[in-house]
Amino acid sequence: CVYETDWALPHHSHWAESIIDRWKNRCDDRAEQIPLRIAGREIDAADRAVKDSVDPSRPGTIACRFIQASEQDVDAAIKCARDDPADWRRMSWQSRYDLFRAAAQNMRERRGELIGAMMIDAGKLVAEADPEVSEAIDFTEFYPLSVKPYLDRVSNPENGLSASPRGCVAVISPWNFPLAIPCGGLVAALTAGNTVILKPASDTVLPAYKLAKCFWDAGVPETALQLIPCSGAGAGRRLVTDRRIDAVVLTGGTETAGEMLRERPGLHLIAETGGKNATIVTSLSDRDLAIKHVLHSAFSHSGQKCSATSLLLLDQEIYDDETFRCTLADAAESLAVGSVWDLSSRVGPLIRPPSGALEQGIKELESGETWLIMPRRVGENDRLYRPGIKWNVKPGSFTHRTELFGPVLGVMPFGRLEQAIEMVNATGYGLTSGLESLDDREQQLWRDNIRAGNLYINRPTTGAIVLRQPFGGIGSSGYGPGAKAGGPHYVLPLMKLRNSAAESTPQLNGPPETTGSVDDALIAIKALDHDELKSNLGRISRFADRASALAVELIGKSHDHFRLIGQDNYRRYLPVGQLRVRLIGDESPNDIALSMVAAAAAGCRAAFSFPTGGHPAMRFVETITEHLAFHASTSWACEWIQESDASLAEEICSGRVDRLRLLSPMTDTTPVWIDACREAFVTIVAEPVVNDAEIESLRYLNEQSISYDYHRYGNLGRRMVGS
């Protein structure tokens, strides 16, 4: 990993001042003019709308000007991405990697430029923008290395796999992390061999342009990576609805992701979405450290992080402690709120004036609530607000359940830790979650029951680092197959993975009735088709053996690549809670068998769903289950459900399905359960079954990161070296 700047060194402070000196006056008439280039050719600005972007610290000041792409421009960009004139898709891994390393070096050398662009266009403090550059470099170096082992396996013909790019990928990035997030998306897509169209948020086109320049100047073709500033509600809709776009990588609101799925139900979407994140503080915590961690988590970047702590749940003893209450209030009020051009500022501006849910959260109290600290506007800038802390937020209330995305923290009391966990899980989100407790039993209870993608113990809940803490949520906080950004498997969903040779698929003409025993299951398999007996049995057995090993090596362990002194950083794999495998009628027995093995290895309680009217594989599934569970070496429960499309949709809407697995790509048909999945924000994984046990098993898992600061003021306690 690349680490951010050490601001304790005086020469780094002088360097920060030099960034301010260079960038503060690059505005208005001196503001950067960002060209629009489509298919490698510059578009004449005379025929296009030119948009001004303003400095959030100085709302009347122009930070940059950019040409807004029209619908015709987007169409031309998509055509270029499909045609791939530079032949990016055929480029070797080594050639791409060399270009990525050169791009990463450009970022190192242009660190000050990238920071300055984020300051003037995104309102990020120097200390907030600096780690983003490090994260972008990490993404650029790491993703190509993470996919290399899979490409090596594919290149071995004995493995029977093929890999190809998805094709054309749209990366739609947010304004709150205007450098690192678009960088991660575009590098992952390019690494997989896709051509990329990057659509940055209209508020932060300048950092995205500076980022793209790092890649273009390194030699990445402008036709392989295109930057298209446009309105998301206007021309940008084409990046979702146009079927020439093969996948979309989104970081944005949960509602935005849902609208994309409404526009295009079969869209291959990988989305990091909203969060309503909470930190629980128990009576067995270090209370002063808890306050420090919570304030950083809640109010850094003015609370404009999807990972920001938005709820603070206090054990009743702490909630009633006047000293804790006064200390929390005093510490929050001491945070210096101001312009990013003032190095003493600790809380910077909002990207735009509060509106919608945030405005309601800042201005209104519900029954029983009071302000511990009332948020107040600072001076004449309608984007600068002092942090607000609401006291006595009630379960089920607006502040409890609504993502506010700003400097507002809601405080809720609890009596038992189990109650606090239920209150956190009740939000429906599952991005980050924090616990402040020095008690091992409380930590274990919390880890086992909290539903979130990133868990933090006795430390802030923001600041994920590539590979150390891969980032991504569950529930309403993420859509996709469960691979986390910055993790070793993130690139896989951006590739098409197939079995390389056409597998023979014996037809099921009604296997004999059996008792369900292992012997009878084998008899049933043999009865399917003698010509396919050896190949099918061998393939299933090899897959089961590998899946059994994975259940121990990958799924049964927590992985810490760094083993830092004072901080554990575990990555673990959890089974999808309620997995539904929908069989639509054209699945081969081999695919069904491998799916069952993979679900068993993952530890899923899988339900195989058959349409009413039956399915040719029903008896096959019943008879083979026990045989497969035996080979997967796991206690596993599988059930078979015969249900109509409407019944399945009702199950999804009722919250009884966490992920829907289809064993083949989606067709143009739109059964009602597709709409149900969108409404309930349930991921549909519609990928062909592959003979690689690891790749197939990942589709039945969620990846989770746990970061635990086990030291206390540098004291390692029971883990003291030599103790």
For the residue pair [X] and [Y], confirm or rule out a side-chain donor-acceptor distance under 3.5 Å.
{"X": "Asn454", "Y": "Lys484", "result": "yes"}
{"X": "Asp121", "Y": "Ser53", "result": "yes"}
{"X": "Lys276", "Y": "Ser310", "result": "yes"}

Working to the nearest 0.5 Å, report the span between [atom1] of [X] and [atom2] of [Y].
{"X": "Met119", "Y": "Ser339", "atom1": "CE", "atom2": "OG", "value": "7.5 Å"}
{"X": "Ile115", "Y": "Asp130", "atom1": "CD1", "atom2": "CG", "value": "4.5 Å"}
{"X": "Ser302", "Y": "Leu384", "atom1": "OG", "atom2": "CG", "value": "7.5 Å"}
{"X": "Arg111", "Y": "Thr5", "atom1": "CZ", "atom2": "OG1", "value": "4.5 Å"}
{"X": "Arg661", "Y": "Arg659", "atom1": "CZ", "atom2": "CZ", "value": "10.0 Å"}
{"X": "Ile652", "Y": "Glu679", "atom1": "CD1", "atom2": "CD", "value": "11.5 Å"}

- request: Tell me, with the steps shown, if Val205 and Lys51 meet side chain to side chain contact (heavy atoms under 4.5 Å, CB included).
  value: CA-CA 10 Å; Val205 173; Lys51 297 292 184 181; over 6 Å; no

query: Of the options Arg65, Lys210, Lys213, which is the one that meets Glu32 in a salt bridge (Lys or Arg N to Asp or Glu O under 4.0 Å)?
result: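 Between Glu32 and the candidates, salt bridge (Lys or Arg N to Asp or Glu O under 4.0 Å) is satisfied uniquely by Lys210.
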
- prompt: Quick one: do Asp75 and Arg244 make a salt bridge, cutoff under 4.0 Å?
  reply: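 A salt bridge links Asp75 with Arg244.
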
Okay, side chain of [X], backbone of [Y]: is any donor-acceptor separation there less than 3.5 Å?
{"X": "Thr251", "Y": "Pro174", "answer": "no"}
{"X": "Ser345", "Y": "Gly348", "answer": "no"}
{"X": "Thr309", "Y": "Ala298", "answer": "no"}
{"X": "Thr254", "Y": "Ser476", "answer": "yes"}
{"X": "Glu222", "Y": "Trp216", "answer": "no"}
{"X": "Arg58", "Y": "Lys24", "answer": "yes"}
{"X": "Gln704", "Y": "Ala452", "answer": "yes"}

[Y] and [X], any side-chain heavy atoms less than 4.5 Å apart:
{"X": "Tyr490", "Y": "Pro470", "answer": "no"}
{"X": "Gln226", "Y": "Ile38", "answer": "yes"}
{"X": "Glu255", "Y": "Glu403", "answer": "no"}

message: Strictly by salt bridge (Lys or Arg N to Asp or Glu O under 4.0 Å), give each pair with a member in residues 350-361 just once, sequence neighbours left out.
response: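 For residues 350-361: Asp203-Arg352, Glu359-Lys363.
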
message: According to salt bridge (Lys or Arg N to Asp or Glu O under 4.0 Å), does anything in residues 93-106 pair up with another residue at least two apart or in another chain? List the pairs.
response: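 Pairs touching residues 93-106 that pass the test: Arg101-Glu141.
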
Indicate every side-chain donor-acceptor pair of residues 175-194 with a distance under 3.5 Å to a residue at least two apart or in another chain.
| residue | atom | partner | partner atom | Å |
| --- | --- | --- | --- | --- |
| Asn176 | ND2 | Gln304 | O | 3.2 |
| Thr191 | OG1 | Val187 | O | 2.7 |
| Asn194 | OD1 | Arg166 | N | 2.7 |
| Asn194 | OD1 | Gly167 | N | 2.7 |
| Asn194 | ND2 | Ala189 | O | 3.0 |
| Asn194 | ND2 | Leu494 | O | 3.0 |

Of the non-hydrogen atoms in [X] and [Y], which two are nearest, and what is the gap between them?
{"X": "Asn277", "Y": "Ser307", "answer": "ND2-C, 3.2 Å"}
{"X": "Ala122", "Y": "Ile351", "answer": "O-CD1, 3.9 Å"}
{"X": "Asp73", "Y": "Ser70", "answer": "OD2-N, 2.9 Å"}
{"X": "Thr273", "Y": "Gly253", "answer": "CG2-O, 3.9 Å"}

- prompt: Could you walk me through whether Arg571 and Leu467 pass the side chain to side chain contact (heavy atoms under 4.5 Å, CB included) check?
  reply: CA-CA 9 Å; Arg571 191 182 74 254; Leu467 189 58; 4.2 Å; yes

field: Worked verdict on Tyr143 versus Val147 for side chain to side chain contact (heavy atoms under 4.5 Å, CB included)
entry: CA-CA 6 Å; Tyr143 279 148; Val147 80; over 6 Å; no

- request: Could you walk me through whether Val240 and Ile245 pass the side chain to side chain contact (heavy atoms under 4.5 Å, CB included) test, one step at a time?
  value: CA-CA 7 Å; Val240 175; Ile245 297 291; over 6 Å; no

- prompt: Which residues satisfy the ring pair (Phe, Tyr, Trp, His ring centres under 6.0 Å) test with Phe299, sequence neighbours excluded?
  reply: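 Phe299 satisfies ring pair (Phe, Tyr, Trp, His ring centres under 6.0 Å) with no residue once adjacent residues are dropped.
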
task: Go through the steps to decide whether Arg26 and Glu113 satisfy the test salt bridge (Lys or Arg N to Asp or Glu O under 4.0 Å), and finish with yes or no.
output: CA-CA 12 Å; Arg26 286 170 67 169; Glu113 281 287 291; 3.1 Å; yes

message: salt bridge (Lys or Arg N to Asp or Glu O under 4.0 Å), that's the test. Do Arg82 and Asp242 meet it? Break it down for me.
response: CA-CA 12 Å; Arg82 295 293 292 181; Asp242 196 307; over 6 Å; no

- request: Answer yes or no: are there more than 12 heavy-atom neighbours, outside Arg41 itself, under 6.0 Å from its atom CZ?
  value: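 No, because the 6.0 Å sphere around CZ of Arg41 holds 12 heavy atoms or fewer from other groups.
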
- prompt: For residues 668-688, which residue pairs qualify under ring pair (Phe, Tyr, Trp, His ring centres under 6.0 Å), counting only residues two or more places apart or in two chains?
  reply: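 Of all non-adjacent pairs touching residues 668-688, those that pass ring pair (Phe, Tyr, Trp, His ring centres under 6.0 Å) are Tyr479-Phe681.
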
field: Sequence neighbours excluded, every pair satisfying ring pair (Phe, Tyr, Trp, His ring centres under 6.0 Å) that has a member inside residues 59-108
entry: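 Listed by first then second residue: Trp93-Tyr97.
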
Qualifying residue for side chain to side chain contact (heavy atoms under 4.5 Å, CB included) with Val171, from Ile270, Leu198, Val248, Leu227: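 Of the listed options, the one satisfying the test is Leu198.
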
